[in-house]
Visitor: 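Once you've had a glance at the structure underneath, I'll fire off some questions.
First listed ligand is number 1; within each ligand, the first listed atom is number 1.
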Amino acid sequence: MDDTVFPDRFLWGSATSAHQVEGGNVNSDSWLLEHVEGSAFREASWDAIDHYHRFADDIALLAALGLNAYRFSLEWSRIEPAEGLFSQVAIDHYRDVLACCRAYGLATVVTLHHFTSPIWLLAKNGWESPETPGLFARYVRRVMEELGDLIDMVCTMNEPNLAWTLADVGMAPREASGRAVDPMLCGCARALGTVPEAIAQFQFAATERAFETKLAAHRAAVAAVREVCPDKPVGWTIAASDIVAAPGGEQRAAAAQEELCERFYRASRGDDFIGVQTYSRTWYGPDGPCDPPEGCEMTMQGEEFYPLAVSESIRRAYAVSDCSILVTENGIATEDDAQRVRFYRQAIGGVAACIREGVPVLGYIAWSAFDNFEWVFGYGPKYGIIAVDRATQRRLVKPSALCLGEIARTNGREIVPATDDGMQPGGEVSK
Ligand code: FCB
């Protein structure tokens, strides 16, 4: 068998996040946003895919594919449903999940905050409150004390920068005053008895105050993790857009690159790794994001099919942050699983090329293990390597899951770095 460029103990995994798969997260602020008058959510999460009760079978399935890592998140609103009151039952639940991963030989990559916060935090100004970094660090410390022995890698928070990507497409106001005209945030304020300006929800808070708050919370969380578990690698995960300029968009693209990504990469210096999360590349014209050139292959989410975006993002994140890289999300929304297989093979070829160039890449984690609740888009987009019939909660393994499992089992031996035109030699669907 040919040799591989992937180092020993390279992580090959797939990911989920608590709110997107568990079901019944009634204390989370996303649940509230899903149900208020004026909600932008197409549907509510409800039972999701009942991963909360089915985690053991789900983890067994992922291990059987041949993967060696599982990235998932802990739900703060379950662990601390009321301010200062920690649920031992919830903590014990996550201990069972972690122990299950151990039993199946899966490394655990744990995200401590994946978009959702407890409703009580949102009611007190959420991700703009000067209290939030300290409250987050208290939760992190508790979790690390209770569960740290079973956690292999820690992501403090997921995509603190996403809000600015949403701001560029008009989905998140850059000033708190802009919330007063957002029907969902107004509905939320009414439900909480406060004013819309005070509704600083993690995904939608794109003010400078939110930037400072997220940064301070990350720093406080890293310090807490290092104090309790000094040997655990810790970092955060960044929506690492591959931003490219359409004709005339050079300046606008450079400004977006700085606001959306590079200031976050710089803020990662000194962390043990940076989580890179990339789906496609984004074209910028003189007025902001614009359509890709005519004739591009597209995904069902209206994004360009461009598997090499992840390698471009890896190079840039590494150059600016000087951190080791863990690909914590990469994938494609599609109903055509053969398209997904093509995507993964080419994307992983791009990762191999980065490793050949000397970039320290620690692992590749696909989004997502399962078709799940895709936030405002509800259950429409299909990112999973495993489908779920939500009427029966039956899981159905897709060919892309077998393909990733095979790549994992052989540590990427059959993957050849992608060529300049992005084509993966021998990249035919094998299953
Ligand atoms: C990322 C999120 C993840 C999922 C994918 C499609 O921005 O981190 O939860 O929704 O996009």
Visitor: Check each atom of ligand 1 against the heavy atoms of Glu159 and keep those under 4.0 Å away; list them by number with element.
Guide: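 Under 4.0 Å from Glu159, ligand 1 has these atoms: 1 (C), 2 (C), 7 (O), 8 (O).
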Visitor: Would one find an N or O of Asn158, backbone or side chain, under 3.5 Å from an N or O of ligand 1?
Guide: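 By distance alone, the answer is yes.
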Visitor: Find out whether the Lys NZ or Arg CZ of Arg263 is both under 6.0 angstrom from the six-membered ring centre of Trp164 and within 45° of the ring's axis.
Guide: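 That pair qualifies as a cation-pi contact.
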Visitor: Would Arg142 and Phe86 count as a cation-pi pair here, with the cationic atom under 6.0 angstrom from the ring centre and within 45° of the axis?
Guide: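 Satisfied, under 6.0 Å and within 45°.
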Visitor: Hey, is ligand 1 close enough to Tyr383 that some N/O pair sits below 3.5 Å?
Guide: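 Such a contact does not occur with ligand 1.
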Visitor: With a 3.5 Å distance limit and no angle check, can you tell me whether Gln20 reaches the backbone of Phe373 through a side-chain donor-acceptor pair?
Guide: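 Checking the backbone N and O of Phe373 against the side chain of Gln20, a donor-acceptor pair under 3.5 Å is found.
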Visitor: Going by the order shown, which atoms of ligand 1 are within less than 4.0 Å of some heavy atom of Gln277?
Guide: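 Taking each heavy atom of Gln277 in turn, ligand 1 has 8 (O) under 4.0 Å.
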Visitor: Starting from atom 2 (C) of ligand 1, what is the nearest protein heavy atom, named by residue and atom, and what distance separates them?
Guide: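 Answer, as residue, atom name and distance: Glu329 OE1, 3.4 Å.
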Visitor: Of all the atoms in ligand 1, which lie at a distance below 4.0 Å from a heavy atom belonging to Gln20?
Guide: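 So the answer, numbered in order with elements, is 3 (C), 4 (C), 9 (O), 10 (O).
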Visitor: If you measure every N/O of Trp367 against every N/O of ligand 1, is any gap under 3.5 Å?
Guide: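 N/O-N/O distance under 3.5 Å: no.
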Visitor: Are the side chain of Lys382 and the backbone of Ala387 linked by a donor-acceptor contact shorter than 3.5 Å?
Guide: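 Side chain of Lys382 to backbone of Ala387, a donor-acceptor pair under 3.5 Å: no, none is there.
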Visitor: What is the minimum heavy-atom distance between Leu402 and Val397, and which atoms define it?
Guide: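 Heavy atoms only, the tightest pair is CD2-CG1, 4.0 Å.
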Visitor: Measure the distance from atom 6 (C) of ligand 1 to every protein heavy atom, then report the residue, atom name and distance (to 0.1 Å) of the closest one.
Guide: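 The answer is Glu374 OE1, 3.4 Å.
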Visitor: Which of the atoms in ligand 1, numbered in the order shown and given with their element, are less than 4.0 Å from a heavy-atom of His114?
Guide: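 It comes down to these atoms of ligand 1: 2 (C), 3 (C), 8 (O), 9 (O).
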Visitor: What I want to find out is whether Asp58 reaches Arg54 closely enough, with some N-O distance under 4.0 Å, to be called a salt bridge.
Guide: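 No, no charged N to carboxylate O under 4.0 Å.
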Visitor: Tell me whether Ser129 contacts the main-chain N or O of Glu131 through its side chain, where contact means a donor paired with an acceptor under 3.5 Å.
Guide: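 Yes; judged by distance alone, with no hydrogens or angles, the pair exists.
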